[in-house]
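The next block holds one structure in the form of structure tokens; read it before the comments.
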Number of protein chains: 2
Amino acid sequence: MTRKPTDPTRPAAGPRREAADAEGNVRAVDRALAILQSFEEGDAALPLVEIARRAGLHLTTALRLLGTLESHGFVQRGAAGGYALGPQLLALGERFRRSLRLEDQVMPALDRLRSESRESAAFFVREGEQRRCLFRQESPQPVRTVAQVGDVAPLGIGAYGRALVALEAEPRPRLPIVSHGERLPEVVAIAAPVLNGRGAVAGAIGITMPRYRFDPAAEARCLPLVLREAAALTRALGGDPSPILALA
Amino acid sequence: MTRKPTDPTRPAAGPRREAADAEGNVRAVDRALAILQSFEEGDAALPLVEIARRAGLHLTTALRLLGTLESHGFVQRGAAGGYALGPQLLALGERFRRSLRLEDQVMPALDRLRSESRESAAFFVREGEQRRCLFRQESPQPVRTVAQVGDVAPLGIGAYGRALVALEAEPRPRLPIVSHGERLPEVVAIAAPVLNGRGAVAGAIGITMPRYRFDPAAEARCLPLVLREAAALTRALGGDPSPILALA
DNA sequence: CAAGTGACTTCCATCCTACGGAAGAGAAGG
DNA sequence: CCTTCTCTTCCGTAGGATGGAAGTCACTTG
């Protein structure tokens, strides 16, 4: 018999996270990946003890796993003597993103959106019952960054989240979708779906801005922009934008 | 018996890579990371057999490790039934990059370089005896992309590679450094070092263009741009740009 | 200055887990 | 139908990962 989901003999106390191992997984790898995922936004270099605590691992175990991760460049030792995420992750992350072959089409569209709206533009894709930010261009204005590349958010809420399911929702919403503080307070987002060559939803493109900058003038300026780029990007991906334009 | 570097009984032919395990590493983790690294540029989804061959692993072993990697989102199964890199890598790669806290300063500088030069701009950091591309803004012109975020290249060669060591080279080179087809044929690059608040080299910033676009007019336009942004970025990082300007 | 504290590292015997052989399932092709 | 190929499940074994204990080092406290 193999690993039970709940093991009462586990180190206990209160490790923040737990290596939520699935049945049949390789434990050592589960734990190593749990270590990587124990790094949170803004953590520069974490001391060994902290990593072990977060991942719920024995000190020795964490040390050994970190050594292995380090020798592959997945973590690196900080100058002040802790462990930080390593550069190999950047290389693989970009490789993942390029494997989707969206960058060449999406980035120019985001560039146009940003320069014409002077707001942050982003592109999300659906990932099961979530969505993930794949690309982003920051507003040239000194605004708060609310989202980050690689982040996940729920489907069905927020402009991007609703845009991704817009073509299967009943009743069909008008496009582009505008959300006022729907997921994040004080934030307005405008988004529309993008189709690929097979007519499926490839993602959602749009712009995000602080609410105080969203007035009727901004609305009149930005909505057509988003719609235009959603259609342009759909064409660039070999798709037919008419299902999108039909809801405009 | 364990795996020798060369094992005649291996699945045949030539496994392209080998899990170059270091002493004291956790084997299962070594192998899992080797699987991740066996994905190359342009590989969309690899069949299990191919992954096992590249990583030099038994089929069963590769399958089990892939299962574990999949349950953490480090790989995902393609529609056509193979394995591809997973979205979790993007999240962690970006987290790594943000942990360096350079993005807010570097990206605006790259934006300016790109929009004023209409060429691709990039920022490299030193990583031991190599350098790695951390940020990049693509030229608006339809040019060939030569480098990618996350890529590594050697130090000491190419404009960026020489800029990173410019302040310790003898004799000191003039800045910015210009390379004509030095590392990549048909490519011209212009780069200069960037200093941080402690006076150390934080990285190198510059632009890259196809050789045919580099004429005296382009040179007169671009060199000051790179120098200006190297100094501006140095100031933005709290450093003193005078060592850079002294070599201009 | 010595004792104490806390983070990190090394060592090693034990037990359990990852391993890979073998065989089954499933699809594609002849 | 049989062959061939890729992928998957199963299970006994052995070698590897584990974690306790003790050692090192730097820094603080009495």
Side-chain angles (χ1 to χ4, degrees), chain A residues 1-5 7-13 15 18-19 21-35 38 43-72 75-84, chain B residues 1-4 7-13 15 18-19 21-35 38 43 45-72 75-84:
Chain A
M1 175 61 218
T2 39
R3 15 246 330 291
K4 310 186 188 99
D7 182 354
T9 70
R10 195 72 67 40
E18 189 52 52
D21 323 354
E23 172 91 4
N25 276 10
V26 176
R27 188 174 61 165
V29 177
D30 260 327
R31 292 174 161 185
L33 301 185
I35 285 180
S38 76
D43 295 333
L46 297 177
L48 173 61
V49 208
E50 173 67 10
I51 294 175
R53 198 181 60 75
R54 291 194 187 185
L57 299 176
H58 188 104
L59 259 161
T60 309
T61 305
L63 180 69
R64 214 168 338 98
L65 294 173
L66 281 165
T68 304
L69 288 168
E70 184 189 7
S71 78
H72 289 258
V75 302
Q76 60 187 179
R77 318 192 64 130
Y83 291 88
Chain B
M1 78 145 248
T2 44
R3 13 237 340 287
K4 311 189 187 99
D7 181 353
T9 71
R10 191 71 63 42
E18 186 53 48
D21 319 355
E23 174 87 7
N25 276 10
V26 177
R27 186 173 62 164
V29 177
D30 259 328
R31 292 173 162 186
L33 301 184
I35 285 179
S38 76
D43 295 334
L46 297 177
L48 172 62
V49 211
E50 173 67 10
I51 294 175
R53 196 181 62 74
R54 291 192 188 184
L57 299 176
H58 186 103
L59 258 152
T60 309
T61 305
L63 181 69
R64 214 168 338 98
L65 294 173
L66 281 165
T68 304
L69 288 168
E70 184 188 7
S71 77
H72 289 257
V75 302
Q76 60 187 178
R77 319 190 63 128
Y83 290 88

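Every chain is numbered from 1 and lettered A, B, ... according to where its sequence line falls, protein lines coming before strand lines. Keep in mind that what you see is a predicted model, and the values were worked out from it rather than measured. Just the heavy atoms: all of them, side chains too, but no hydrogens, waters or symmetry mates, feed the values below.
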Subject >> Shortest non-hydrogen contact between Leu66(B) and Val75(B), atoms and distance >> reply: O-CG2, 3.8 Å
Original post:
Hey, what do you get for CG (Leu57(A)) to CG (Leu63(A)), rounding to the nearest 0.5 Å?
Top reply: 11.5 Å
Subject >> Sequence neighbours excluded, every pair satisfying salt bridge (Lys or Arg N to Asp or Glu O under 4.0 Å) that has a member inside residues 55-71 of chain A >> reply: Glu70(A)-Arg77(A)
**OP:** Measure from CZ on Arg27(A) to P on dC19(C) and round the result to the nearest Å.
**Re:** 13 Å
Original post:
Nearest-Å distance, CG (Leu66(B)) to P (dT6(D))?
Top reply: 16 Å
Subject >> dG20(C) phosphate, OP1 or OP2, under 4.0 Å from Thr61(B) side-chain N/O >> reply: yes
**OP:** May I have the distance from Leu57(A) (atom CG) to dA17(D) (atom C1'), rounded to whole angstrom?
**Re:** 12 Å
Original post:
Looking at five pairs on each end of the helix from dC1(C)-dG30(D) to dG30(C)-dC1(D), what is the angle between the two axes, given to 10 degrees?
Top reply: 30°
Original post:
Got a second to check how far Leu48(B)'s CG is from Leu59(B)'s CG, nearest 0.5 Å?
Top reply: 5.0 Å
Original post:
How many angstroms lie between atom CG of Leu46(B) and atom CZ of Arg54(B), to the nearest 0.5 angstrom?
Top reply: 4.5 Å
**OP:** Please round to the nearest 0.5 Å and tell me the distance separating atom CG of Leu33(B) and atom CG of Leu33(A).
**Re:** 7.5 Å
**OP:** Of all the heavy-atom pairs spanning Ala32(B) and Leu65(B), show the shortest one and how long it is.
**Re:** N-CD1, 4.0 Å
So which protein nitrogen or oxygen atoms get under 3.5 Å of nucleotides 5-15 of chain C's nitrogens or oxygens?
from   : atom 1 : to       : atom 2 : distance (Å)
dC8(C) : OP1    : Leu48(A) : N      : 3.4
dC8(C) : OP2    : Leu48(A) : N      : 3.1
dC8(C) : OP2    : Val49(A) : N      : 3.0
dT9(C) : OP1    : Arg77(A) : NH2    : 2.8

Subject >> Between dA17(D) (P) and Arg31(A) (CZ): distance, integer Å >> reply: 12 Å
Subject >> Whole-Å gap separating C1' (dT9(D)) and NE2 (His58(B)) >> reply: 12 Å
Original post:
What distance separates Ser38(B) OG from Arg53(B) CZ, expressed to the nearest 0.5 Å?
Top reply: 10.0 Å
